[in-house]
Trainee: 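To start, I am sharing the structure in question, which I have written as structure tokens.
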Amino acid sequence: MIKFPVYRPKLGELEKQYVAECLDSTWISSKGPFIERFEKAFCSYTGAKHAKTVSNGTVALHVALLSLGIGPGDEVIVPTLTYIASVNAITYTGATPVFVDSVLGTWQINPSEVERKITPKTKAIMAVHLYGQPCDILALQKLAQRYEIRLVEDCAEALGSRVSDVHVGCFGDIATYSFYGNKTVTTGEGGMVTTSNSDLANSVSHLKGQGLAKDREYWHDVIGYNYRMTNICAAIGCAQLESVETTLARKREIAALYKNQLKGTAFELHREAPGTYHSYWMISILLPDAGSRDALREYLLDNGIETRPVFYPIHTMPMYSRPNQTYEVAVEIAARGINLPSFPDLTNDDIVFICDKLKSFYNE
């Protein structure tokens, strides 16, 4: 039996109250007061000028790319070490994903590699803030400005992450978030697109709502999509957002406890880069060697501890595999990396138990 899952959301009475309001009012679909309320609260929290709810994080990326005009013949630079949605969304548009390697210490996209991959076809850089650690977004911002290309921030795993005092998502042309059940703020399924550009915000609204014309009822003037969030999901999001700082503070406490318990071992906790605020969506570590990972995960599972492998590099998957692709850092992180239980209700004693089992596997 799994006693310690990798993640489980923390849902309370406020979420129930807000959902009950939706049910009582019968506003349960994509119209209702919680939609706008959630968007406004999200702007207030992140510092974004515009926020648009969508049905999940993947479609957030898709509609963001479409709003930038990205399509067939374009290239979008993206880290190979990311979740599949980052790359699939590029492919949905007809554009070509161009992979780059990561930085070993932070596991984030390598700006030097990005610059080497820029071509006349490059339309955008997708900056993924992996596992809650901000990437070197200032370096990527400079590259985007220098080469006059777009900068998309994939913040699916990084709500609450910051560079200095600025929330991730506020550095690029457009940014996206996920509210899946294992995210720091969840709506069950859901996503958000943010931008400082009103034209892009209007485009997102237009495309996510079936391409409905603004001033003519049931008239659709572009091919759009049904990417809308429900009022019920937005209600849960509003409740979750009210306690986000408490959740983030606890997740950072959990990361510190893991770090303290694993001090002096061969395990490497995912690092927080100087000048950044790591939101620790998932507590992630590198094992001493790749060969022991499967046996360790099985041993932990036998002790009620669920883990996840770090994402497989996308270039290793059949639909994106190409000849002569070598991304050594991404491959090493993926081979040695696992995610540990990271949910906010973990107790200090739970973390001691989990770390004792990690250490005992290598000492037996």
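These numbers come from the heavy atoms of this one structure, side chains and all, not from hydrogens, waters or symmetry mates.
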Trainee: Are any of the side-chain heavy atoms of Leu81 and Ile314 separated by less than 4.5 Å?
Mentor: no
Trainee: Treat each ILVMFWY residue as a node, draw an edge where side-chain heavy atoms are under 4.5 Å apart, and state whether Val59 and Val152 are in one component.
Mentor: yes
Trainee: Determine, stepwise, if the pair Tyr225 / His62 fulfils ring-ring contact (aromatic ring centres under 6.0 Å, His included).
Mentor: CA-CA 10 Å; Tyr225 305 85; His62 185 207; 5.1 Å; yes
Trainee: Quick check on Asp165: does its CG atom have over 12 non-hydrogen neighbours (other residues, nucleotides or ligands) under 6.0 Å away?
Mentor: no
Trainee: Among Ile, Leu, Val, Met, Phe, Trp and Tyr joined by side-chain contacts under 4.5 Å, find the other residues sharing a cluster with Val244 and list them by chain and number.
Mentor: Ile35, Phe38, Phe42, Tyr45, Leu159, Tyr177, Phe179, Val185, Met192, Met229, Leu241, Leu248, Tyr277
Trainee: Quick one: pull up NZ in Lys259 and CZ in Arg252 and give me the separation to the nearest 0.5 Å.
Mentor: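 The CZ atom of Arg252 is 10.0 Å from NZ of Lys259, to the nearest 0.5 Å.
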Trainee: Between CH2 of Trp27 and CD1 of Ile232, what distance do you get to the nearest 0.5 Å?
Mentor: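 Spacing of CH2 (Trp27) from CD1 (Ile232) equals 13.0 Å.
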Trainee: Are Val103 and Val329 packed together at the side-chain level, in the sense that at least one heavy-atom pair is separated by less than 4.5 angstrom?
Mentor: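 No; the side chains remain at least 4.5 Å from each other.
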Trainee: Does a side-chain N-to-carboxylate-O contact under 4.0 Å join Glu306 and Arg297?
Mentor: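 No, this pair does not count.
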Trainee: Taking all heavy atoms of Thr186 and all of Gly181, pick out the closest pair and write down the distance.
Mentor: OG1-CA, 3.2 Å
Trainee: Check the orientation of Phe34 and Tyr18. Use parallel for under 30°, tilted for 30 to 60°, and perpendicular for over 60°.
Mentor: tilted
Trainee: List the steps, then state whether side chain to side chain donor-acceptor pair (under 3.5 Å) holds for Ser86 with Asp154.
Mentor: CA-CA 7 Å; Ser86 308; Asp154 182 347; 2.7 Å; yes
Trainee: Determine whether more than 12 heavy atoms belonging to other residues, nucleotides or ligands lie under 6.0 Å from atom CD of Glu328.
Mentor: no
Trainee: Between atom CE of Met317 and atom CG of Asn88, what is the distance when rounded to the nearest 0.5 Å?
Mentor: 9.0 Å
Trainee: Indicate yes or no for a side-chain donor-acceptor contact from Lys31 to the backbone of Asn231 under 3.5 Å, with no hydrogens or angles considered.
Mentor: no
Trainee: Decide if atom NZ of Lys117 counts as having more than 12 heavy atoms of other residues, nucleotides or ligands within a radius under 6.0 Å.
Mentor: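 For Lys117, atom NZ is crowded (more than 12 foreign heavy atoms under 6.0 Å).
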Trainee: Would you check if Lys123 and Ile149 make a side-chain contact, meaning some heavy-atom pair closer than 4.5 Å?
Mentor: no
Trainee: With a 4.5 Å cut-off on side-chain heavy atoms, are Val78 and Phe99 touching?
Mentor: yes
Trainee: ring-ring contact (aromatic ring centres under 6.0 Å, His included) for His315 and Tyr320? Distances and angles first, verdict last.
Mentor: CA-CA 5 Å; His315 78 276; Tyr320 292 115; over 10 Å; no
Trainee: Given side chains that start at C-beta, do those of Val87 and Pro97 come closer than 4.5 Å, heavy atoms only?
Mentor: yes
Trainee: Check the pair Arg228 / Asn226 against side chain to side chain donor-acceptor pair (under 3.5 Å), numbers first and verdict last.
Mentor: CA-CA 6 Å; Arg228 297 167 296 195; Asn226 185 4; 3.2 Å; yes
Trainee: Going by heavy atoms in the side chains, are Tyr83 and Glu157 under 4.5 Å from each other?
Mentor: yes
Trainee: Is there a side chain to side chain donor-acceptor pair (under 3.5 Å) between Glu115 and Tyr147? Walk through the geometry before answering.
Mentor: CA-CA 9 Å; Glu115 186 164 23; Tyr147 291 95; 2.7 Å; yes
Trainee: Would you say that Ile137 contacts Val168 through its side chain, given a criterion of any heavy-atom pair below 4.5 Å between the two side chains?
Mentor: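 The answer is no; the side chains never approach within 4.5 Å.
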Trainee: Between Glu36 and Lys40, is there a salt bridge with N-O shorter than 4.0 Å?
Mentor: yes
Trainee: Using the ring of each side chain (for Trp, its six-membered ring), is Phe4 parallel, tilted or perpendicular to Phe353, with breaks at 30° and 60°?
Mentor: tilted
Trainee: Can you tell if the side chain of Leu130 reaches within under 4.5 Å of the side chain of Phe311, non-hydrogen atoms only?
Mentor: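 With C-beta onward as the side chain, the pair touches.
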Trainee: Counting only pairs under 3.5 Å, give me each side-chain donor-acceptor contact of residues 335-348, with atom names and distances, residues two or more places apart or in other chains.
Mentor:
{"unit_1": "Arg336", "atom_1": "NE", "unit_2": "Leu287", "atom_2": "O", "d": "2.8"}
{"unit_1": "Arg336", "atom_1": "NH1", "unit_2": "Glu332", "atom_2": "OE2", "d": "2.7"}
{"unit_1": "Arg336", "atom_1": "NH2", "unit_2": "Glu268", "atom_2": "OE2", "d": "2.9"}
{"unit_1": "Arg336", "atom_1": "NH2", "unit_2": "Leu287", "atom_2": "O", "d": "3.1"}
{"unit_1": "Asn339", "atom_1": "OD1", "unit_2": "Arg308", "atom_2": "NE", "d": "3.2"}
{"unit_1": "Asn339", "atom_1": "OD1", "unit_2": "Arg308", "atom_2": "NH2", "d": "3.4"}
{"unit_1": "Asn339", "atom_1": "ND2", "unit_2": "Ser284", "atom_2": "OG", "d": "2.8"}
{"unit_1": "Ser342", "atom_1": "OG", "unit_2": "Ile283", "atom_2": "N", "d": "2.8"}
{"unit_1": "Ser342", "atom_1": "OG", "unit_2": "Leu340", "atom_2": "O", "d": "2.6"}
{"unit_1": "Thr347", "atom_1": "OG1", "unit_2": "Asp349", "atom_2": "N", "d": "3.4"}
{"unit_1": "Thr347", "atom_1": "OG1", "unit_2": "Asp350", "atom_2": "N", "d": "3.0"}
{"unit_1": "Thr347", "atom_1": "OG1", "unit_2": "Asp350", "atom_2": "OD1", "d": "3.2"}
{"unit_1": "Thr347", "atom_1": "OG1", "unit_2": "Asp350", "atom_2": "OD2", "d": "3.0"}
{"unit_1": "Asn348", "atom_1": "OD1", "unit_2": "Arg250", "atom_2": "NH2", "d": "3.1"}

Trainee: Taking atom OG1 of Thr247 and atom CD of Glu245, what is their separation to the nearest 0.5 Å?
Mentor: 9.0 Å
Trainee: Exactly one of Arg271, Gln133, His129, Gln108 should register a side-chain hydrogen bond (donor to acceptor under 3.5 Å, both in side chains) with Thr276. Which one does?
Mentor: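 Running side-chain hydrogen bond (donor to acceptor under 3.5 Å, both in side chains) over Arg271, Gln133, His129, Gln108 with Thr276 returns exactly one hit, Gln133.
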Trainee: After noting the C-alpha distance and the side-chain angles of Ser360 and Asn363, does the key distance pass the side chain to side chain donor-acceptor pair (under 3.5 Å) rule?
Mentor: CA-CA 5 Å; Ser360 67; Asn363 292 332; over 6 Å; no
Trainee: Please list all pairs passing the ring pair (Phe, Tyr, Trp, His ring centres under 6.0 Å) test where one or both residues lie in residues 183-220, with sequence neighbours left out.
Mentor: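 Checked against ring pair (Phe, Tyr, Trp, His ring centres under 6.0 Å) - neighbours excluded - no pair reaches residues 183-220.
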Trainee: Let me confirm one number: the CD1-CG distance from Ile354 to Asp356, rounded to the nearest 0.5 Å.
Mentor: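 Result: 10.0 Å between the selected atoms.
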Trainee: I'd like to know whether CD of Gln325 has more than 12 heavy-atom contacts from other residues, nucleotides or ligands below 6.0 angstrom.
Mentor: yes
Trainee: CD of Glu189 to OG of Ser55: how many Å apart, nearest 0.5 Å?
Mentor: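 Those atoms lie 8.0 Å apart.
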